[in-house]
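Input: a single structure, listed below in structure tokens.
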Amino acid sequence: MNLRWDDLKLFLAVHEHGSLSGAARALKLGQPTLSRRIAELEEVVGEALFERKSQGASLTAAGQKLLPAAQSMAEWANEAEISVKKQTHLPEGKVRIAAPPGIAYEVVVPLAAKIRKQYPQIQIEVLSGVEILNLGRGEADLSLRTQKPGDADLVCMDEVSSAMRVYVSKSYGAKLSPHPSMADLDWICWSTSYDGFRTEQELRALIPNFKPAFTSDDFIVQMAACKAGLGAMILPQAMHRYAGLGELNALQELDIDLGPSAVGTLYLVCHKRHRHLPKVQLVMDFIFGEFASLR
């Protein structure tokens, strides 16, 4: 006996409403159609399921026997429908990620492409700048920053550290001696308005009368200058291993030891009231994965 769930739903509707006319109205189905479908079900079962009377329809003995199985199937179908809705109801909306220019360029953009491919209903807005945005005032949803937060309302969700290394273009590297010193290199740095950055401070401490060869307030311009052979940059070693980087793959690492303190740490920071938002959680899961691959 091959019973279809669609037919059993009609059977349960007639039983619930006590009449074919009432069930037809509830199902928004023509009564002749419903009568025909019930008759087809009875033909499959081999017995009448309802006793039709002027005041309605009541179950026969065969109908009473079928009822528990049909109700169990209805419960199963309801649970299955709820489960499917949970799985198919995906987070959606815009997630704003604040990040330093280098991190935005090298990490967040390739990450956004991955997210967009799998979850097109998520929009990523990258807020790239050297200033730290205020998550408490809602200036961003997530922040990738190089300083650990001190605000009790901010939660450090994950972190990754990397050695800082010296990179140059292959053409520039070919002009250098086999073992160049820090002072032998032309340095590409942030412009004067950002010369308080840690990298610039350390270069000034290591190189007497330090003067950069090229400066810019834009990380992309700095990278272009490095690729063009204008000089050297200090960059996180982990990003050089990042599979999606076409820019850094054009550079080479110099064998210059910057010392044990030359380690950069990147923190994933979220305000505690945003950490459980589904769309934010989804993006954080991707960042967790990227951090794991960079370790």
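- Residues passing the salt bridge (charged side-chain N to carboxylate O under 4.0 Å, His left out) test with R145: none are found, sequence neighbours excluded.
- Annotation for A48 and A62: closest pair O-CB, 3.6 Å, computed over non-hydrogen atoms.
- Across K148 and E159, no two heavy atoms sit closer than the pair NZ-OE1, 4.1 Å.
- Annotation for V280 and C270: closest pair CG1-SG, 4.1 Å, computed over non-hydrogen atoms.
- At a threshold of 4.5 Å between side-chain heavy atoms, the hydrophobic network of Ile, Leu, Val, Met, Phe, Trp and Tyr places Y119 and V283 in one connected group.
- Pairs of residues two or more places apart, or lying in two chains, never qualify as salt bridge (charged side-chain N to carboxylate O under 4.0 Å, His left out) while including a residue from residues 273-284.
- M182 pairs by the side chain to side chain contact (heavy atoms under 4.5 Å, CB included) definition with W187, L203, L206, I207, I256, L258, not counting sequence neighbours.
- Contact record, Q147 with I132: OE1-CD1, 4.0 Å, taken as the closest heavy-atom pair.
- Between M164 and P236, some side-chain heavy-atom pair lies under the 4.5 Å cut-off.
- Applying the side-chain hydrogen bond (donor to acceptor under 3.5 Å, both in side chains) rule to D6 yields no partners; only residues at least two apart in sequence or on another chain are considered.
- For D158, the salt bridge (charged side-chain N to carboxylate O under 4.0 Å, His left out) test picks out R295, with sequence neighbours left out.
- Legend: ring-ring contact (aromatic ring centres under 6.0 Å, His included) pairs involving residues 12-60, not counting sequence neighbours, sorted by first then second residue: F11-F50.
- Annotation for V269: hydrophobic cluster partners, listed by chain and number, are L135, L154, Y267 (ILVMFWY side-chain heavy atoms under 4.5 Å, direct or chained).
- Here D153 pairs with K272 under the salt bridge (charged side-chain N to carboxylate O under 4.0 Å, His left out) rule; sequence neighbours left out.
- For A69, the side chain to side chain contact (heavy atoms under 4.5 Å, CB included) test picks out no residue, with sequence neighbours left out.
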TODO: Begin with the C-alpha distance, continue with both residues' side-chain angles, and end with the deciding distance and a verdict on side-chain hydrogen bond (donor to acceptor under 3.5 Å, both in side chains) for S191 and T215.
DONE: CA-CA 5 Å; S191 56; T215 61; 5.7 Å; no
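- The stretch residues 128-158 participates, sequence neighbours left out, in no ring-ring contact (aromatic ring centres under 6.0 Å, His included) pair at all.
- Applying the salt bridge (charged side-chain N to carboxylate O under 4.0 Å, His left out) rule to E40 yields the partners R36; only residues at least two apart in sequence or on another chain are considered.
- Minimum interatomic distance between A24 and G30 (heavy atoms only, all atoms of both residues): CB-C, 4.3 Å.
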Open item on the list: For L254 and V168: C-alpha separation, side-chain torsions, deciding distance, then whether side-chain contact (heavy atoms from CB on, under 4.5 Å) applies.
Closed with: CA-CA 7 Å; L254 294 184; V168 298; 3.7 Å; yes
Could you tabulate the donor-acceptor pairs under 3.5 Å formed by side-chain atoms of residues 121-131, not counting sequence neighbours?
| from | atom 1 | to | atom 2 | distance (Å) |
| --- | --- | --- | --- | --- |
| Q121 | NE2 | P91 | O | 3.0 |
| Q123 | NE2 | Q121 | O | 3.0 |
| E125 | OE1 | K94 | NZ | 3.2 |

